[in-house]
Amino acid sequence: MKVFNTLSGQKEEFVPRGDVVTMYVCGINPYADAHIGHAMSYIFFDVVRRYLEFRGYRVKHVQNITDIEDNIIAHANEQGVSVPELTQKYVERYDEDIEALNILRAHEYPRAMGEIPKIIEIVQGLVEKGFAYAVGGNVYFRVRNVPDYGKLSGRSLEQMRAGARIEVGADKEDPMDFLLWKEAKPGEPSWDSPWGKGRPGWHIECSAMSIRYLGEQIDIHGGGQDLVFPHHENEIAQSESFTGKKPFAKYWIHNGLLQMGADKMSKSLGNLITIRQALEKYSADAIRLFILSSYYRSPLTYSEETLEAAERGAERLLGAAAGRVPRPLGAKLEADTYRERFIEAMDDDFGTAQALAVIFEIARDINRADEAGMDVSDAQHTLRELGSEVLGLKFEFRVYKDDSFYAEYAHEIDMKWGSISTIIGDTRNSDDKAIKEAIDKVDSTLASLRDRTDSDMELKVFVEANIEAQKDLRDAYRRARQFQPADEIRNVLGELGVVLEDTPQGTIWKRKR
RNA sequence: GGCGACGUAGCCAAGUGGAUAAGGCGGGGGUCUGCAAAACCCCUAUUCGGCGGUUCGAAUCCGCCCGUCGCCUCCA
């Protein structure tokens with residue numbers, strides 16, 4: 001299995017350091033809802049973890065929550081709430097997002113606020129070893145004492161010092177020195193430390209959590225490409241200086257960034273779609289397919305058209321994985337070669353795009369073989385296993401949220417139904433008992449739909465009961481070979497956004513996409 | 001200014017020296033179906049931003065040019 005390591009700039013054979021693969025992925029700053037760009041990172045690393053486990057590794061996955069820093073304080077002040085109130089709210093919302101996207105929970109989600117003693121211990125250690133110095137209540141990391149500083153991002157101190165945009169802090173020894181501990185201003189959240197009241201700097205919490213929960217050296221450290229410098233570069237410097245052990249992380253894996261139009265999607269640019277907004281329009285499977293359909297290191301551009309395409313793809317996979325008439329006596333569609341090709345693709349630096357191509361081929365061949373009367377149960381099992389276990393697909397239809405489908409349906413059905421009742425009327429006194437009963441059922445579901453109050457929480461139930469009743473009525477007409485009323489019912493439902501499909505297992509209804 | 005990535009069909013996107021350039025979406029035609037839908041079958045890049053070069057052979061390597069983007073500052 002090969003993995004691209006940012007540290008070496010090339011693909012390397014993946015050989016973990018011990019029995020358990022230790023993996024640290026940079027997480028959220030909880031002061032706003034996570035957006036699709038975050039989803040890209042977390043879905044990708046979710047697949048990394050799932051694939052490692054699929055290949056038989058045990059994985060320990062830790063993801064930090066940085067719940068104290070400047071932006072958080074600013075947002076809390078703006079909203080007039082305390083920092084813990086703000087962060088708790090967004091951590092909870094993040095948990096919901098993660099679950100909705102079918103991302104496996106990390107084994108630990110340490111929060112910066114809970115790691116202050118470890119952070120102080122590391123800062124103290126760095127000071128004692130000469131890698132850090134205090135100026136007043138601030139403690140800075142002394143970059144020039146680290147000869148290989150810049151090795152991750154491939155730049156030298158000289159290059160960086162020459163950069164025109166680096167501000168020289170008045171009290172820093174070197175413009176590239178960075179803050180480990182920040183003196184608190186009056187009214188800000190703070191903790192006692194050997195340097196007075198203050199809070200952690202911007203990179204130290206990740207070192208502290210990684211060391212505390214995974215050990216001084218780990219296998220995989222991941223995050224978005226925008227974290228390579230300065231965040232991860234500084235993590236390496238402070239961690240390796242503190243422990244005296246190299247490398248801090250054996251494999252550095254960075255995903256490309258999501259583009260929004262011409263720019264990257266980011267909080268600071270404000271050009272973002274949150275995970276929740278996306279989930280109102282697209283299924284989790286479609287979002288995962290969208291993200292996994294390209295190489296993780298390439299940038300990806302958000303577009304409705306591409307998400308919609310992914311949605312249709314997800315529907316096709318679902319169709320192929322869904323139940324079939326069992327054919328135990330038919331020839332078996334073998335699935336081993338697909339599995340081998342899937343593994344081959346994933347082994348090459350998580351080639352999810354090619355792995356997905358294999359997934360779609362399984363789907364096509366299942367449909368084809370099923371039509372030819374073969375037993376496709378093994379292939380379906382493989383499709384579901386690779387799709388859900390490794391790629392994290394749910395194989396569920398899109399869940400429509402926060403739209404007005406049910407209300408509109410309830411509002412319009414009476415009028416629509418009235419317009420076809422003349423056709424129905426001709427058959428109302430039919431001898432066909434099934435048709436008569438089905439008509440009565442439709443009438444009664446319509447009555448209950450009419451009688452409900454607007455505040456009725458059971459709107460969805462009533463609407464679906466009515467759709468079911470109409471579907472059954474149409475089937476009764478079809479069995480009686482009365483196609484005109486049958487087609488009329490289908491047309492009316494179609495105008496209301498409901499599609500009827502006749503399958504070997506009977507007629508099913510779906511929301512129109 | 002420095003460092004880096006990318007440019008493949010209408011759209012998304014694999015492939016990175018060799019035999020017919022994956023896969024998805026869309027489009028066209030067909031099979032099936034009472035009619036639809038779904039599914040399946042066929043077609044949809046003689047060509048990989050442009051121009052040169054290396055090679056028996058290049059989308060794949062080298063050079064130049066054009067274009068797009070990221071990082072260098074909080075950021076997945």
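The chains referred to below are lettered A, B, ... by the order of the sequence lines, with proteins before strands, and numbering in each begins at 1. Quick caveat, the model's predicted, so the values are computed rather than measured.
At the heavy-atom level, A/L500 lies under 4.0 Å from base atoms of the strands shown. Residue A/Y295 is in sugar-phosphate contact alone, with no base atom involved, counting any heavy-atom pair closer than 4.0 Å across all strands shown. Looking at heavy-atom distances under 4.0 Å, A/R474 makes contact with a base. Among the atoms of the strands shown, none is found under 4.0 Å from any heavy atom of A/F45. A/D502 comes within 4.0 angstrom of a nucleotide base, judged by non-hydrogen atoms across all strands. Contact annotation for A/G27: backbone-only contact, meaning every heavy-atom pair under 4.0 Å involves sugar-phosphate atoms and none involves a base. Nucleic acid contact class of A/N367 (heavy atoms, under 4.0 Å, all strands): sugar-phosphate only. Within the nucleic acid shown, A/G319 has no heavy atom closer than 4.0 Å to any nucleic acid atom.
Nucleotide B/rA36 holds its P atom 18 Å from the CG atom of A/D475, rounded to whole Å. Taking atom CD on A/E344 and atom P on B/rA22, their separation rounds to 16 Å, with Å as the unit. As rounded to whole Å, 7 Å separates atom C1' of B/rC75 from atom NE2 of A/H35. The interatomic distance linking A/R297 (CZ) with B/rU16 (C1') rounds to 13 Å, in whole Å. Between the CD atom of A/Q259 and the P atom of B/rA13 there is a distance of 11 Å, given to the nearest Å. When the C1' atom of B/rC74 is taken as reference, atom CG of A/D70 falls 9 Å away, rounded to whole Å. Computed from coordinates, the A/W202 CH2 to B/rC74 C1' distance equals 8 Å when rounded to whole Å. Separating the CD atom of A/E233 from the C1' atom of B/rC3 is a distance of 12 Å, rounded to the nearest angstrom.
Relative to the side chain of A/A353, the nucleotides B/rC72, B/rA14, B/rA76 differ in distance, and B/rA14 lies closest. Comparing B/rA38, B/rC74, B/rA76 by their nearest atom to the side chain of A/S41 picks out B/rA76. Closest approach to the A/A357 side chain among B/rA22, B/rA14, B/rC72 is made by B/rA22 (side chain taken as heavy atoms from C-beta onward). Considering only side-chain atoms of A/L227, the nucleotide from B/rC75, B/rA13, B/rC11 that sits closest is B/rC75. Proximity note for A/E361 (side chain, C-beta onward) versus B/rC75, B/rG23, B/rG34: the nearest is B/rG23. With B/rC40, B/rG70, B/rG34 as the candidates, the nucleotide lying closest to the side chain of A/E371 is B/rC40.
For the residue pair A/D349/A/Y295, the side-chain donor-acceptor check at 3.5 Å is satisfied. The closest side-chain donor-acceptor pair between A/Q238 and A/S207 falls under 3.5 angstrom. In the model, A/Q470 has no side-chain atom that pairs as donor or acceptor with a side-chain atom of A/W417 under 3.5 Å.
Ring centroid separation for the pair A/Y94 and A/Y42 comes in under the 6.0 Å cut-off. With ring centers used as reference points, A/F178 lies under 6.0 Å from A/H203.
Using C1' as the reference atom, B/rA59 and B/rU8 are 7 Å apart when rounded to the nearest Å. When the C1' atom is used for both B/rC48 and B/rG7, the distance is 10 Å, rounded to whole Å. Taking the C1' atoms as reference points, B/rA38 lies 11 Å from B/rU33, given to the whole Å. Comparing the P positions of B/rG4 and B/rA22 gives a spacing of 33 Å, expressed to the nearest Å. Taking atom C1' in both B/rG50 and B/rC11, one finds a spacing of 23 Å when rounded to whole Å. Rounded to the nearest Å, the gap between the C1' atom of B/rG67 and that of B/rG29 is 38 Å. Rounded to the nearest Å, the gap between the P atom of B/rC74 and that of B/rG27 is 47 Å. On the C1' atoms, B/rG52 is 15 Å away from B/rC66, given to the nearest whole Å.
Looking at which nucleotide of RNA chain B each of A/L300 and A/R478 is closest to, the 5′-most match is held by A/L300. Nearer the 5' end of RNA chain B, as judged by each residue's closest nucleotide, is the contact made by A/D348, out of A/F360 and A/D348.
Ring planes of A/F405 and A/Y409: tilted class, angle from 30 to 60°. Ring-plane geometry between A/H61 and A/H107 is classed as perpendicular, the angle between the planes exceeding 60 degrees on a 0 to 90 degree scale with a lower cut at 30.
For the pair A/R316 and B/rG24, the criterion of a side-chain N or O lying under 4.0 Å from OP1 or OP2 is met. Side-chain N/O atoms of A/R312 include one lying less than 4.0 angstrom from OP1 or OP2 on B/rG26. Residue A/Q354 places at least one side-chain N or O under 4.0 Å from the OP1 or OP2 atom of B/rG15.
For the side-chain contact (heavy atoms from CB on, under 4.5 Å) criterion with A/N64, the lone passing option out of A/E115, A/E108, A/R111, A/M209 is A/M209.
Summarising the base pairing, B/rU68 is matched to B/rA5 through a Watson-Crick or G-U wobble pair whose two defining distances lie under 3.5 Å. Using Watson-Crick or G-U wobble geometry with both donor-acceptor distances under 3.5 Å, B/rU47 finds no partner in any strand shown. Pairing for B/rG18 is with B/rC56, a Watson-Crick or G-U wobble pair whose two hydrogen-bonding atom distances lie under 3.5 Å.
Residue A/D226 places no side-chain atom within donor-acceptor reach of the base of B/rC74, judged by atom type and a 3.5 Å distance cut-off alone.
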